[in-house]
Participant: 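Structure below; questions to follow.
Fair warning: this is a prediction, and the values are worked out from it, not measured in the lab.
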Amino acid sequence: MAGAGGVALALAVSKAGALASLPCAMLNAEQVRNQVQAFREASNGPLNLNFFCHTPAAVDPDSQANWLQQLGQFYTELGVSEPTSVAAPGRAPFGEEMCEVVEALRPEVVSFHFGLPSAELLDRVKHSGALVLSSATTVAEAAWLEAKGCDAIIAQGYEAGGHRGMFLQEDIATQPGTMALVPQVVDAVTVPVIAAGGIADGRGITAAFALGAAGVQMGTVYLLTQESLVTDLHRAALLHATDDQTALTNLFSGRPARGLMNRVMQDIGPMSEHAPAFPSAGVALAPLKAAAEQLGKADFSSLWAGQAAALAREQSAQRLTEELAEQALRRCSGLAAAD
Ligand SMILES: Cc1cc2nc3c(=O)[nH]c(=O)nc-3n(C[C@H](O)[C@H](O)[C@H](O)COP(=O)(O)O)c2cc1C
């Protein structure tokens, strides 16, 4: 979870026996090396490094100017200046430099969001010994990922928090939910399927296994743990989250991602045809976000969360992971006994 997870969260889940992930999409090579070293010094557990692999769009000044115009009323209201630069903050796609980092650090798992890198880079990642995972939001994406050599597929349902991993289509209206997606992906591929989206307790984990998943990936439920890096404003919003408060929005980055509704999503509408291409939409929001946060408001902040946000718990990530596993094992063995 880029921006929300770091070494402390990775170590906590690793201690509980889960696969630790370090989100690398917003880090540079040196930061990745430092974080992996810190992890390895404290854990012998397996480690997943997660990267984005979008194709960066060229900066389009007209689109940025139009976007600034859409947001004009907010600059006036908050008395802040429009940003002078249109350069997006770091969310670089996986490339040569990160591939060298992977080859040197040899994580057990490398996972991608938004498809896969070039065949040449993917080959090198696989040759480093890493198992390769990537997110699919449809059966077609899952089949594509398997054909390109993915070792396991993360089936990311509509409920999931954060960015949708979608890469073969752009229509969010037709994205399937986890309950429908997982068994269809399981039927379509031969590699293991990891269910993601809306899974937040032992009931969800058991359901995912009943649908044929070999594992689960959980994000939102960890956002309230002590190790989560989300801001206090984000935490406060999560504490009051209800099932009907999240929406997919492209306002903060240019790509659809699920987060808690806030002022800018309400006023503009969560999806805007005017938002510049990923990842540059957030540049225009940055001064508004900073000014509002100074006033203690998350009106312009991305509050990533999935539809099961209300099930997130304030506790240590290690204990949470242990409890999730215990709950799921109890439920699974109950089902097996009932058979
Ligand atoms: C705050 C947040 C940040 C996320 N960042 C990433 C990321 O950097 N890379 C990625 O592959 N998925 C990311 N995701 C998506 C998760 O990997 C996962 O698919 C999702 O959290 C599962 O649904 P859930 O949130 O309902 O548990 C993020 C999700 C959240 C909530």
Participant: Working to the nearest 0.5 Å, report the span between CG of Leu320 and OG of Ser228.
Facilitator: 11.5 Å
Participant: Return the minimal non-hydrogen interatomic distance between Ala281 and Ala275, and the atom names on each side.
Facilitator: CB-CB, 4.2 Å
Participant: Should Ser253 and Ser302 count as side-chain neighbours, where that means a heavy-atom distance under 4.5 Å?
Facilitator: no
Participant: In the structure I gave you, are the side-chain heavy atoms of Gln156 and Gln217 within less than 4.5 Å of one another anywhere?
Facilitator: no
Participant: Distance-only, no hydrogens or angles: does the Thr321 side chain make a donor-acceptor pair with backbone N or O of Val13 under 3.5 Å?
Facilitator: no
Participant: Rounded to the nearest 0.5 Å, how far apart are CG of Leu9 and CG of Leu229?
Facilitator: 7.5 Å
Participant: Are the side chains of Val132 and Ser111 in contact, using a 4.5 Å heavy-atom criterion?
Facilitator: no
Participant: When you compare the side chain of Arg164 with that of Phe114, does any pair of heavy atoms fall below 4.5 Å?
Facilitator: no
Participant: Could you walk me through whether Glu322 and Gln318 pass the side-chain hydrogen bond (donor to acceptor under 3.5 Å, both in side chains) test, one step at a time?
Facilitator: CA-CA 6 Å; Glu322 287 163 354; Gln318 180 177 346; 3.1 Å; yes
Participant: Does atom CD of Glu108 have more than 12 heavy-atom neighbours, drawn from other residues, nucleotides or ligands, at distances under 6.0 Å?
Facilitator: yes
Participant: Would you give the length of the straight line joining atom CG of Leu303 to atom CG of Leu260, rounded to the nearest 0.5 angstrom?
Facilitator: 5.5 Å
Participant: Considering residues at least two apart in sequence or located in another chain, which fulfil the side-chain hydrogen bond (donor to acceptor under 3.5 Å, both in side chains) criterion with Thr76?
Facilitator: none
Participant: Could you check if a side-chain atom of Val139 sits within less than 4.5 angstrom of a side-chain atom of Trp144, using non-hydrogen atoms only?
Facilitator: no
Participant: Under 3.5 Å, is there a donor-acceptor pair between the side chain of Gln327 and the main chain of Gly202?
Facilitator: yes
Participant: Within the 4.5 Å heavy-atom criterion, are Val32 and Leu22 side-chain neighbours or not?
Facilitator: no
Participant: Can you get from Leu19 to Phe209 by hopping between Ile, Leu, Val, Met, Phe, Trp and Tyr side chains that sit under 4.5 Å apart?
Facilitator: no
Participant: Report the C-alpha separation of His240 and Gln245 in whole Å, then their side-chain angles, then the decisive distance to 0.1 Å, and conclude whether the side-chain contact (heavy atoms from CB on, under 4.5 Å) test is met.
Facilitator: CA-CA 10 Å; His240 299 105; Gln245 267 178 353; 5.7 Å; no
Participant: State, yes or no, whether a side-chain contact exists between Leu181 and Tyr158 at a heavy-atom distance under 4.5 Å.
Facilitator: no
Participant: Output, in order, the C-alpha distance, side-chain angles, deciding distance and verdict of side-chain hydrogen bond (donor to acceptor under 3.5 Å, both in side chains) for Gln226 and Glu314.
Facilitator: CA-CA 7 Å; Gln226 287 143 23; Glu314 281 184 293; over 6 Å; no
Participant: Please say which of Phe52, Phe94, Phe167 ends up in a ring pair (Phe, Tyr, Trp, His ring centres under 6.0 Å) with Phe112.
Facilitator: Phe94
Participant: Closer than 3.5 angstrom, by distance alone: can the side chain of Ser134 be matched with the main-chain N or O of Gly115 as a donor-acceptor pair?
Facilitator: yes
Participant: Considering only NZ, NE, NH1 and NH2 on the basic side and carboxylate oxygens on the acidic side, decide whether Glu293 and Lys297 come within less than 4.0 Å.
Facilitator: no
Participant: Under 3.5 Å, side chain of Gln266 to main-chain N/O of Met261, donor-acceptor pair present?
Facilitator: no
Participant: Please say yes or no: joined through hydrophobic side-chain contacts below 4.5 Å, possibly via intermediate residues, are Val185 and Ile199 part of one cluster?
Facilitator: no
Participant: Take atom NZ of Lys126 as the centre, draw a 6.0 Å sphere, and report whether it contains more than 12 heavy atoms from other residues, nucleotides or ligands.
Facilitator: yes
Participant: With distance as the sole criterion, is a donor-acceptor pair present between the side chains of Arg106 and Ser128 under 3.5 Å?
Facilitator: no
Participant: Under 3.5 Å, side chain of His234 to main-chain N/O of Val230, donor-acceptor pair present?
Facilitator: no
Participant: How many angstroms lie between CZ in Arg263 and OG in Ser301, if you round to the nearest 0.5 Å?
Facilitator: 12.5 Å
Participant: Is the side chain of Thr249 donor-acceptor paired with the backbone N or O of Pro270 at a distance under 3.5 Å, no angle test?
Facilitator: yes
Participant: Counting only heavy atoms not in Gln69 (residues, nucleotides, ligands), do more than 12 fall under 6.0 Å from its CD?
Facilitator: no
Participant: Would the distance check show the side chain of Glu227 and the main-chain N or O of Ala317 forming a donor-acceptor pair, the cut-off being under 3.5 Å?
Facilitator: yes
Participant: Going by an N to O cut-off under 4.0 Å, is there a salt bridge joining Glu170 and Arg255?
Facilitator: no
Participant: If only atom types and distance count, is the side chain of Gln175 paired as donor or acceptor with the main-chain N or O of Ile172 below 3.5 Å?
Facilitator: no
Participant: Would you please test Ser272 and Gln70 for side-chain hydrogen bond (donor to acceptor under 3.5 Å, both in side chains) and show each step?
Facilitator: CA-CA 10 Å; Ser272 170; Gln70 301 296 320; 5.8 Å; no
Participant: Looking at Val101 and Ala29, what are the two nearest heavy atoms and their distance?
Facilitator: CG2-CB, 3.7 Å
Participant: Only one of Arg33, Arg40, Glu41, Gln35 forms a side-chain hydrogen bond (donor to acceptor under 3.5 Å, both in side chains) with Gln37, so which one is it?
Facilitator: Glu41
Participant: Under a 4.5 Å cut-off applied to non-hydrogen side-chain atoms, are Leu288 and Asp299 in contact?
Facilitator: no
Participant: Taking only Lys NZ, Arg NE, NH1 and NH2, and the carboxylate oxygens of Asp or Glu, determine whether Arg331 and Glu326 approach each other closer than 4.0 Å.
Facilitator: no
Participant: Just how far is it from atom CG of Leu133 to atom NE2 of His113, taken to the nearest 0.5 Å?
Facilitator: 12.5 Å
Participant: Count the heavy atoms belonging to other residues, nucleotides or ligands that lie under 6.0 Å from CE of Met271, then report whether that count exceeds 12.
Facilitator: yes
Participant: Should Arg313 and Asp201 count as an ion pair when the cut-off is N to O under 4.0 Å?
Facilitator: no
Participant: When you look at CG of Asn44, are more than 12 heavy atoms from neighbouring residues, nucleotides or ligands closer to it than 6.0 Å?
Facilitator: no
Participant: Side chain to side chain contact (heavy atoms under 4.5 Å, CB included) with Phe300: which of Leu78, Leu71, Leu251, Asn262?
Facilitator: Leu78
Participant: Would you check, one step at a time, whether the test side-chain contact (heavy atoms from CB on, under 4.5 Å) holds for Val125 with Cys99?
Facilitator: CA-CA 7 Å; Val125 171; Cys99 195; 4.3 Å; yes
Participant: With hydrophobic residues grouped by side-chain heavy-atom distances under 4.5 Å, do Val216 and Leu211 end up in a single group?
Facilitator: no
Participant: Taking Leu329's backbone N and O only, do any of them form a donor-acceptor pair with Ser333's side chain (distance below 3.5 Å, no angle check)?
Facilitator: yes
Participant: State the CG-CD distance between Leu121 and Glu100, to the nearest 0.5 angstrom.
Facilitator: 10.0 Å
Participant: Looking only at the aromatic ring of each residue, does the gap between the centers of Trp304 and His163 stay below 6.0 angstrom?
Facilitator: yes
Participant: Do Thr246 and Gln307 pass the side-chain hydrogen bond (donor to acceptor under 3.5 Å, both in side chains) test, and can you show the C-alpha distance, the side-chain angles, and the key distance before you say yes or no?
Facilitator: CA-CA 6 Å; Thr246 68; Gln307 289 182 338; 4.7 Å; no
Participant: In sequence, state the C-alpha distance, the side-chain angles, and the governing distance for Ile153 and Ile194, and then conclude on side-chain contact (heavy atoms from CB on, under 4.5 Å).
Facilitator: CA-CA 6 Å; Ile153 309 285; Ile194 298 160; over 6 Å; no
Participant: Keeping Arg235 on the side-chain end and Thr225 on the backbone end, is there a donor-acceptor pair under 3.5 Å?
Facilitator: yes
